[in-house]
**Q** 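Mind having a look at this structure? Questions to follow.
Worth knowing before you read on, the calculation uses all heavy atoms, side chains too, and leaves out hydrogens, waters and symmetry mates. Chain A is the first sequence line, chain B the second, and so forth, proteins listed ahead of strands; every chain is numbered from 1.
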Amino acid sequence: MWRLLRPDAVDALDDPRVLSAMPRYARVAKGTLPARFLISRSISADWDPQGSLEELWQVHNRSLSEAESLMRRIDSGGMDSRELNREPRSLLHLKARIGEALMESCVLCERRCGKNRLNGELGLCRVGRETKIHSCFDHMGEEPEVVPSFTVCGS
Amino acid sequence: MDGGVPLSEMEVARLIDRARRRGCRNQNWVGGDPIPHIPFWLRVLLHEEENTPVFFNTNGYYSLEASALLKGVVDLYKIDFKYGSDRCAERISGVGNYWKVLTRNLKSSKSGGELLIRILVLPGHLECCLGPMLSFIARELGTDTRVNLMDQYAPHWRAAECPELRRRLSREEWERALKMVSDSGLENVIS
């Protein structure tokens with residue numbers, strides 16, 4: 001159906017202009033390389049739950065460079081991405097943990113309002129602790145290399 | 001934005017997995033802006049089963065901390081680059097330090113992922129905004145950077161507060177914008 005709505009999008013992942021700007025994305029979208037989050041979910045990260053935020057960042061940055069070198073190995077064909085496992089305490093888990101910590105005195109956006117969103121206080125963004133799903137749909141109106149795009153609107 | 005349904009991370013992950021299986025090319029996180037929801041999205045990813053690239057659809061006004069969390073997660077950033085001067089950003093959107101924040105995040109998204117830039121040309125903002133944005137992109141991000149230049153600005157919401165934003169872009173302005181693009185050396189512009 002989307003091919004009728006957006007005939008320009010059908011071959012977009014093979015368009016040389018798309019490939020020059022976003023070669024890796026094109027391969028992930030085609031399913032021949034793993035998305036980055038799958039790589040981060042396969043890297044174990046051993047952080048101390050009582051540790052300070054600064055310590056969490058140190059573990060994060062170490063694990064992130066590990067993830068980056070693993071990605072280079074996979075992308076150059078030096079490793080089969082089907083071997084990626086799912087670590088119970090991964091870099092992705094640590095990112096989620098740090099993300100939550102940043103909401104306590106929120107500095108996610110550059111307004112850095114410092115509201116305690118973890119306690120339900122609303123930030124300048126008018127968002128508190130919870131993310132609700134406003135809508136989700138297969139978006140046909142984006143750039144050709146992106147459609148169809150499963151769009152989830154958080155509110 | 002108000003309203004919406006509370007869904008668990010697991011439920012959202014299942015919706016995304018299903019979308020991927022029916023042929024969607026990516027998961028597109030939007031809001032409003034997805035920045036305040038980054039912690040939620042990270043938890044959703046913990047539950048996903050399919051290989052679905054992450055498309056982060058943002059105004060680009062996020063912190064260094066958020067930028068570090070997005071690294072190793074986002075496959076493709078789509079950043080709306082709006083202003084070429086802090087003065088215009090402050091006056092129209094009420095945000096400070098715009099140029100420094102956006103150029104920093106554009107650079108790091110390009111080095112830690114891949115990037116698509118969207119520019120909605122604003123009436124009366126060709127010299128102050130479009131010009132500096134195009135030359136920054138060509139100079140700092142490379143002439144192969146993919147840019148979607150859009151002419152469909154329409155005065156909505158609080159546009160009436162800025163006199164020059166009470167109208168659509170004129171044909172003459174759009175032609176001038178296209179001329180500025182070809183002079184900038186950018187080679188990968190959709191318009």
**Q** Are the side chains of A/Val152 and B/Val30 in contact, using a 4.5 Å heavy-atom criterion?
**A**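 They are not in side-chain contact.
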**Q** Ignoring hydrogens, what is the shortest heavy-atom contact between B/Ser63 and A/Arg112? Give both atom names and the distance.
**A**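 What the structure gives for the nearest pair is CB-NH1, 3.5 Å.
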**Q** With a 3.5 Å distance limit and no angle check, can you tell me whether B/Glu114 reaches the backbone of A/Tyr25 through a side-chain donor-acceptor pair?
**A**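 Yes: the side chain of B/Glu114 pairs with the backbone of A/Tyr25.
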**Q** Please rank A/Lys30, A/Lys132, A/His139, A/Glu100 by heavy-atom pairs under 4.5 Å with chain B and give me the top one.
**A**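 Of A/Lys30, A/Lys132, A/His139, A/Glu100, A/Lys132 has the most heavy-atom pairs under 4.5 Å with chain B.
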**Q** Please confirm whether the backbone N or O of B/Tyr62 pairs with a side-chain atom of A/Arg111, one donor and one acceptor, at under 3.5 Å?
**A**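 Here the side-chain-to-backbone pair does not exist.
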**Q** Does a side-chain heavy-atom distance below 4.5 Å link A/Phe37 with B/Glu48?
**A**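 Counting from C-beta outward, A/Phe37 and B/Glu48 do come under 4.5 Å.
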**Q** Does the side chain of A/Asp138 come within less than 4.5 Å of B/Arg22's, by heavy atoms?
**A**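 SC-SC contact between B/Arg22 and A/Asp138 confirmed.
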**Q** Should A/Glu110 and B/Arg104 be marked as a side-chain contact (heavy atoms from CB on, under 4.5 Å) after you check the CA-CA gap, both sets of side-chain angles, and the distance that decides it?
**A** CA-CA 12 Å; A/Glu110 192 62 41; B/Arg104 177 192 76 201; 3.0 Å; yes
**Q** Give the intermediate values and the outcome of side-chain hydrogen bond (donor to acceptor under 3.5 Å, both in side chains) for residues B/Asn26 and A/Ser149.
**A** CA-CA 5 Å; B/Asn26 51 64; A/Ser149 181; 2.5 Å; yes
**Q** Does this structure show an ion pair linking B/Glu187 with A/Arg17, if we count only N-O contacts that are shorter than 4.0 Å?
**A**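 The answer is no: the pair does not qualify as a salt bridge.
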**Q** Take A/Thr151 and B/Gln27, measure what side-chain contact (heavy atoms from CB on, under 4.5 Å) needs, and give me the verdict at the end.
**A** CA-CA 6 Å; A/Thr151 301; B/Gln27 46 186 314; over 6 Å; no
**Q** Side chain from CB out, backbone as N, CA, C, O: work out which of these in A/His93 comes under 4.5 Å of a heavy atom of chain B, or both, or neither.
**A**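 It is both, since atoms from each part get that close.
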**Q** Is it the case that the side chains of B/Asn28 and A/Glu142 hold a donor-acceptor pair, with the cut-off being a distance below 3.5 Å and no angle test?
**A**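 Present: a donor and an acceptor within the cut-off.
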**Q** Under a 3.5 Å distance rule, please check whether B/Arg146 uses its side chain to pair with a backbone N or O of A/Ala21 as donor and acceptor.
**A**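 No; judged by distance alone, with no hydrogens or angles, the pair does not exist.
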**Q** Any sub-3.5 Å donor-acceptor pair from A/Arg117's side-chain atoms to B/Pro36's backbone N or O?
**A**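 Side chain of A/Arg117 to backbone of B/Pro36: a pair is present.
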**Q** In sequence, state the C-alpha distance, the side-chain angles, and the governing distance for B/Lys78 and A/Val146, and then conclude on side-chain contact (heavy atoms from CB on, under 4.5 Å).
**A** CA-CA 10 Å; B/Lys78 195 223 73 194; A/Val146 178; over 6 Å; no
**Q** Pick one of side chain, backbone, both or neither for A/Arg24, based on which atoms fall under 4.5 Å of a heavy atom in chain B.
**A**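 Both backbone and side chain of A/Arg24 come within 4.5 Å of chain B.
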**Q** For the side chain of A/Lys95 and the backbone of B/Val73, is there at least one donor-acceptor N/O pair under 3.5 Å apart?
**A**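 It does not hold such a pair.
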**Q** Closest approach of A/Ala12 and B/Arg25, non-hydrogen atoms and distance?
**A**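 Shortest heavy-atom contact: CB-NH1, 4.3 Å.
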**Q** Report yes if some heavy atom in the side chain of A/Glu143 is under 4.5 Å from a heavy atom in the side chain of B/Ile190; otherwise report no.
**A**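 Touching, per the 4.5 Å side-chain cut-off.
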